[in-house]
Amino acid sequence: MKKLLAIAAVMAIVFALPACKSKVKDADIQKSAQSALASIPSTGALTADVKDGIVTVNGEVKDAAAQASVEPAVKDIKGVKSVVNNTTIAAPVVETPVITADDPLTKAVQDAVKDNAGVTAQVNDGVVTLTGTIKKADLPKLMQKINATRPKKVENKLTVN
């Protein structure tokens, strides 16, 4: 009988030990995940929500590489069962070109064409229209000067000789 009681006691201890292991709290996982996400390039703060060891990451990252680095940054944290990556990639920033107003543009264009006697230029709503004749060797330099004035568009109606 004593052997049976001893065996039962040992079995109870063996089965009770796994239940006594300390479970990692979601709040601790969240704190670690937030720290890990701080190094990922984003347009704002990335957030990590944790429920039952499942980490859900939200926010906007700068590019696809940053988005791909979310899961590896979080998955090895103790207590993480899985990672749901709900991040989005920021839209690319498109810079609007600066277009010079007609009055200063007209003056700048006139200065650019003054060395080319056979060339005339007109400006209308940011569009420069070139007419006349020009030597083939002089055309690249003139076009460079005209483009430097920052027009909306250049209409080249020059005759090249």
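The shown structure was predicted, so the numbers you read here are calculated from the model rather than taken from an experiment.
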Close side-chain approach of Ile40 and Val70, heavy atoms under 4.5 Å: yes
Shared hydrophobic cluster for Leu142 and Val160 (ILVMFWY, side-chain gaps under 4.5 Å): yes
Minimum heavy-atom distance Ile89-Ala64, with the two atoms named: CD1-CA, 3.7 Å
Those residues that, when tested against Thr120, pass side-chain hydrogen bond (donor to acceptor under 3.5 Å, both in side chains) (two or more places apart): Thr131
Pairwise distance CG(Leu139) to CD(Gln144) - rounded to 0.5 angstrom: 11.5 Å
Check against side chain to side chain contact (heavy atoms under 4.5 Å, CB included), Asn86 and Val57: CA-CA 6 Å; Asn86 285 341; Val57 180; over 6 Å; no
side-chain hydrogen bond (donor to acceptor under 3.5 Å, both in side chains) involving Thr87 - partner list, sequence neighbours excluded: Gln67, Asn85
Interatomic spacing from CG in Asp49 to CD1 in Ile29 - rounded to 0.5 Å: 12.5 Å
Between CG on residue Asp28 and CD1 on residue Ile77, distance to nearest 0.5 Å: 11.0 Å
Criterion side chain to side chain contact (heavy atoms under 4.5 Å, CB included) on Ile54 and Val84, from CA distance to verdict: CA-CA 7 Å; Ile54 300 170; Val84 178; 4.1 Å; yes
Closest contact, heavy atoms only, Ala112 versus Ile146: CB-CD1, 3.9 Å
Nearest heavy-atom neighbours spanning Pro140 and Ala137: CD-O, 3.6 Å
Whether Asp63 side chain and Ala66 backbone form a donor-acceptor pair below 3.5 Å: yes
Contact check, side chains of Pro41 and Val61, non-hydrogen atoms, under 4.5 Å: no
Gap between atom NZ of Lys62 and atom OG of Ser42 - 0.5 Å precision: 7.5 Å
Any donor-acceptor pair under 3.5 Å from Asp102 side chain to Asn124 backbone: no
Whether Gln30 side chain and Ala48 backbone form a donor-acceptor pair below 3.5 Å: yes
Leu46 backbone acceptor or donor facing Gln34 side chain under 3.5 Å: yes
Donor-acceptor contact present, side-chain Gln110 to main-chain Ala121, <3.5 Å: yes
Leu130 with Val127, same ILVMFWY side-chain cluster at under 4.5 Å: no
Beyond-backbone contact of Leu158 with Thr133, side-chain heavy atoms, under 4.5 angstrom: no
From Lys31 atom NZ to Asp26 atom CG, the distance as rounded to the nearest 0.5 Å: 15.0 Å
Worked verdict on Val128 versus Glu155 for side chain to side chain contact (heavy atoms under 4.5 Å, CB included): CA-CA 6 Å; Val128 175; Glu155 290 184 358; over 6 Å; no
Heavy atoms of other groups near Asp103 CG, more than 12 under 6.0 Å: no
Residue pair Thr149 / Ala108: nearest heavy atoms and the distance that separates them: CG2-CB, 3.6 Å
Check: Asp138 side chain, Ile134 main-chain N or O, donor-acceptor pair, under 3.5 Å: no
Asp111 bridged to Lys107 by N-O distance under 4.0 Å: yes
Trace of the side chain to side chain contact (heavy atoms under 4.5 Å, CB included) decision for Met143 with Asn156: CA-CA 9 Å; Met143 294 307 292; Asn156 183 355; 4.0 Å; yes
Main-chain N/O of Val113 paired with Lys145 side-chain donor or acceptor, under 3.5 Å: no
Residues Asp115, Lys141: salt bridge by 4.0 Å N-O rule: no
